[in-house]
J.: 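Mind looking over this structure? Questions follow.
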Amino acid sequence: MRPLGIIGVLLIIAGAVVLVMRGVSYTKDKQSVQLGPIAVSAEQKGFIPPVIGIIAVAAGIVLVATGRRKS
C-alpha cells in the first residue's frame, strides 16, 4: 500500500473513533512558574468535537482514493 493510502486509513480509523466516542476530551498539564523548590502548574482542558471526526473520515477516503489512482 502506498503512503497516501496508509495515511488515509489511519485518518479513517481516528475519525471513526472520535465519532463513536461523540467527541474526545483531553487534559494537558502546563508548568507555569518554577521558583526554586516551589512550582505552580496549570491544567488546560480541551475537546475534539465530532465534526473533526467527520472531516478526518472524509479526508481519509479522499487520500485512499487518490492513492489507488496513482498506481
Side-chain angles (χ1 to χ4, degrees):
M1 187 176 267
R2 298 191 185 262
L4 280 180
I6 293 170
I7 293 171
V9 170
L10 291 175
L11 276 174
I12 292 170
I13 292 170
V17 167
V18 170
L19 287 174
V20 167
M21 295 179 66
R22 295 185 180 161
V24 177
S25 62
Y26 63 91
T27 304
K28 185 172 23 172
D29 291 329
K30 284 187 161 184
Q31 187 172 352
S32 299
V33 178
Q34 183 173 3
L35 280 162
I38 300 172
V40 177
S41 62
E43 287 185 350
Q44 181 181 9
K45 294 185 179 185
F47 183 73
I48 300 174
V51 72
I52 300 298
I54 294 170
I55 293 169
V57 169
I61 291 171
V62 168
L63 286 178
V64 168
T66 57
R68 286 183 170 245
R69 284 187 200 163
K70 290 186 177 186
S71 57

J.: Considering residues at least two apart in sequence or located in another chain, which fulfil the side chain to side chain donor-acceptor pair (under 3.5 Å) criterion with Gln34?
T.: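 Gln34 satisfies side chain to side chain donor-acceptor pair (under 3.5 Å) with Gln31 once adjacent residues are dropped.
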
J.: Which value, rounded to the nearest 0.5 Å, describes the distance between Thr66 atom OG1 and Leu4 atom CG?
T.: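 Result: 5.0 Å between the selected atoms.
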
J.: Rounded at 0.5 Å granularity, tell me how far CG in Leu11 sits from CD1 in Ile55.
T.: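 Going from CG on Leu11 over to CD1 on Ile55, the span is 11.5 Å.
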
J.: Apply side chain to side chain contact (heavy atoms under 4.5 Å, CB included) to Ile54 and list each qualifying residue two or more places apart in sequence or on a separate chain.
T.: Leu19

J.: Enter the distance from Gln44:CD to Asp29:CG here, rounded to the nearest 0.5 Å.
T.: 10.0 Å

J.: In chain order, what residues pass the side chain to side chain contact (heavy atoms under 4.5 Å, CB included) check against Ile12, with sequence neighbours excluded?
T.: Ile61, Val64

J.: Once side chain to side chain contact (heavy atoms under 4.5 Å, CB included) is applied, do any residues pair with Val24, and if so which ones, sequence neighbours excluded?
T.: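 With sequence neighbours excluded, Val24 shows a side chain to side chain contact (heavy atoms under 4.5 Å, CB included) to Val18, Met21, Ile48, given in chain and number order.
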
J.: Which pair of non-hydrogen atoms, one from Tyr26 and one from Phe47, has the smallest distance, and what is that distance?
T.: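 Result for this residue pair: CE2-N, 3.8 Å.
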
J.: Determine the minimum heavy-atom distance between Arg2 and Gly67, stating which atoms define it.
T.: CD-O, 3.7 Å

J.: So which heavy atom on Ala56 is nearest to which on Gly15, and how close?
T.: CB-CA, 3.9 Å

J.: Answer with yes or no whether the hydrophobic clustering places Ile6 together with Val62; edges join I, L, V, M, F, W, Y residues whose side-chain heavy atoms lie under 4.5 Å apart.
T.: no

J.: Not counting sequence neighbours, which residues clear side chain to side chain contact (heavy atoms under 4.5 Å, CB included) with Lys45? List them please.
T.: Thr27, Glu43

